Visitor: 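Just dropping this structure here.
Per chain, numbering begins at 1; letters A, B, ... match sequence-line order. Predicted model, so just to flag it, every value in this text is computed and none were measured.
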Protein chains: 2
Amino acid sequence: MEEQITRSFNIPAEATLEVIGGKWKLLILCHLNCGPGPKRTSELKKAIPDITQKMLIQQLRELEEDGIITRTVYNQVPPKVVYEMSELGNSLQFILDQLGEWGEQYIRRREWKSSCSEG
Amino acid sequence: MEEQITRSFNIPAEATLEVIGGKWKLLILCHLNCGPGPKRTSELKKAIPDITQKMLIQQLRELEEDGIITRTVYNQVPPKVVYEMSELGNSLQFILDQLGEWGEQYIRRREWKSSCSEG
DNA sequence: CTGAATCCTAAGTGATACTG
DNA sequence: CAGTATCACTTAGGATTCAG
């Protein structure tokens, strides 16, 4: 069950994308970043309504395995599980910001181009 | 044939990943960056032996459509097509570097952790 | 509330053969 | 040399159901 996958990359940058490239991971990290403190599973689900429960858990697990976030379980009824950015996760912050900035510029540029072709 | 896809993103950073997230795109951009001037299709194929011709062309097309690279066709026999980073592509350089740096650190960290568990 | 398990589809990828 | 077309395969992602 513990199928250990050895991932190899041609260039280091690919390792980074492997970590943050999941379909919902940016969004999840984004929500874990906004506001301090850990977030409950249900909070994340509420914050990202379009994600299925399966994908939410799956992406969270991958982020956890990659050491980006931490998962804390409270043994109580009803169950309570919270996720939080790890130190390694916080080291991603700068890259996340850069990705966001470039993306903004890119989107603006495309809107500008398409508005021209409409003329 | 010209199927126009409207891509929507929850956060701008996702747009960036959409552009550079293709399986071979980082590698292609990497090779277009190393050394000045444009690269021929066959040069890229030689530089990235594992990629199939289909994937090479496909990823190049997507990069071109996204404005990251330029494609120049010389009308001659035998055909000659060269690809080159565009201005927009060059604006990616910083992010590419950051992704690489973080990836390096991440890989080192994982090697360190696995060497510990080997005991 | 959290999340595991199953089944299913769509998309991505690859091998191969073919065209100008 | 550069690119297309087709088929086969793998995988990510999603709907649903069940469990502690």
Visitor: Looking across every strand, which nucleic acid part, if any, lies under 4.0 Å from A:Gln59 by heavy atom: base, sugar-phosphate, or nothing?
Guide: sugar-phosphate
Visitor: Is B:Ser42 close enough to D:dA2 that one of its side-chain N or O atoms is under 4.0 Å from OP1 or OP2 there?
Guide: yes
Visitor: Starting at OH of A:Tyr74 and ending at C1' of C:dG3, how long is that distance when rounded to a whole Å?
Guide: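 Between C1' of C:dG3 and OH of A:Tyr74: 18 Å.
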Visitor: Let me know, please, whether B:Pro79 or A:Gly22 comes out on the 5' side of the other along DNA chain D by nearest nucleotide.
Guide: B:Pro79
Visitor: Hey, does the side chain of B:Lys23 come within less than 4.0 Å of C:dG14's phosphate (OP1/OP2), counting only N and O?
Guide: yes
Visitor: For B:Ile57 and C:dG14, give me the distance from atom CD1 to atom P, rounded to whole Å.
Guide: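 That distance rounds to 14 Å.
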Visitor: On the nucleotide C:dG3, are OP1 or OP2 found under 4.0 Å from the side-chain N or O atoms that A:Tyr83 carries?
Guide: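 A:Tyr83 to C:dG3 OP1/OP2: side-chain N or O found under 4.0 Å.
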Visitor: From D:dG13, D:dT4, C:dG3, pick the nucleotide closest to the side chain of A:Arg61?
Guide: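 The answer is C:dG3.
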Visitor: Let me know the distance between CE of B:Met55 and C1' of C:dA11, rounded to the nearest Å.
Guide: 11 Å
Visitor: Hey, is the side chain of B:Gln53 poking within less than 4.0 Å of OP1 or OP2 on C:dA17, counting only N and O atoms?
Guide: no
Visitor: Round to a whole Å and report the spacing from CD1 of A:Ile28 to P of D:dG13.
Guide: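 Spelled out: CD1 on A:Ile28 to P on D:dG13 is 11 Å.
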Visitor: In whole angstrom, give the distance that lies between atom NZ of A:Lys39 and atom C1' of C:dC1.
Guide: 18 Å
Visitor: Is any NZ, NE, NH1 or NH2 atom of the basic residue among A:Arg61 and A:Glu65 found under 4.0 Å from an Asp or Glu carboxylate oxygen of the other?
Guide: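 Looking at A:Glu65 together with A:Arg61, the answer is no, because their closest N to O distance does not fall below 4.0 Å.
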Visitor: Return the value, rounded to whole Å, for the distance between atom CG of A:Leu44 and atom P of C:dT2.
Guide: 10 Å
Visitor: Taking C-beta and beyond as the side chain, do B:Lys39 and B:His31 meet within less than 4.5 Å on heavy atoms?
Guide: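 A side-chain contact is absent here, since even the closest heavy-atom pair is not under 4.5 Å.
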Visitor: Cluster question for you: counting only ILVMFWY and a side-chain heavy-atom cut-off of under 4.5 Å, with indirect links fine, are B:Leu29 and A:Ile95 together?
Guide: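 Cluster IDs for B:Leu29 and A:Ile95 match.
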Visitor: Go through it in stages, so that I can follow the logic: the residues are A:Glu62 and A:Lys25, the test is salt bridge (Lys or Arg N to Asp or Glu O under 4.0 Å), and I'd like the CA-CA distance, side-chain angles, deciding distance and then a yes or no.
Guide: CA-CA 9 Å; A:Glu62 290 179 14; A:Lys25 289 184 182 172; 2.7 Å; yes
Visitor: Can you see which heavy atom on B:Leu26 is nearest to which on B:Leu96, and at what distance?
Guide: CD2-CD1, 4.0 Å
Visitor: Below 4.0 angstrom from OP1 or OP2 of C:dG14, is there any side-chain N or O of B:Trp24?
Guide: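 Yes, such a contact exists.
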Visitor: What's the CG-C1' distance between B:Asp50 and C:dT13, to the nearest Å?
Guide: 13 Å
Visitor: Using atom CD of B:Glu18 as one end and atom C1' of C:dA11 as the other, report the distance to the nearest whole Å.
Guide: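 Roughly 12 Å, once rounded to whole Å.
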Visitor: With a cut-off of less than 4.0 Å, is there a side-chain N or O of B:Thr41 near OP1 or OP2 of D:dG3?
Guide: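 Yes, B:Thr41 has a side-chain N/O under 4.0 Å of OP1/OP2 on D:dG3.
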Visitor: Do the side-chain N or O atoms of B:Arg40 get closer than 4.0 angstrom to the phosphate oxygens (OP1, OP2) of D:dA2?
Guide: yes
Visitor: Would you say D:dA2 has OP1 or OP2 under 4.0 Å from some side-chain N or O of B:Arg71?
Guide: no
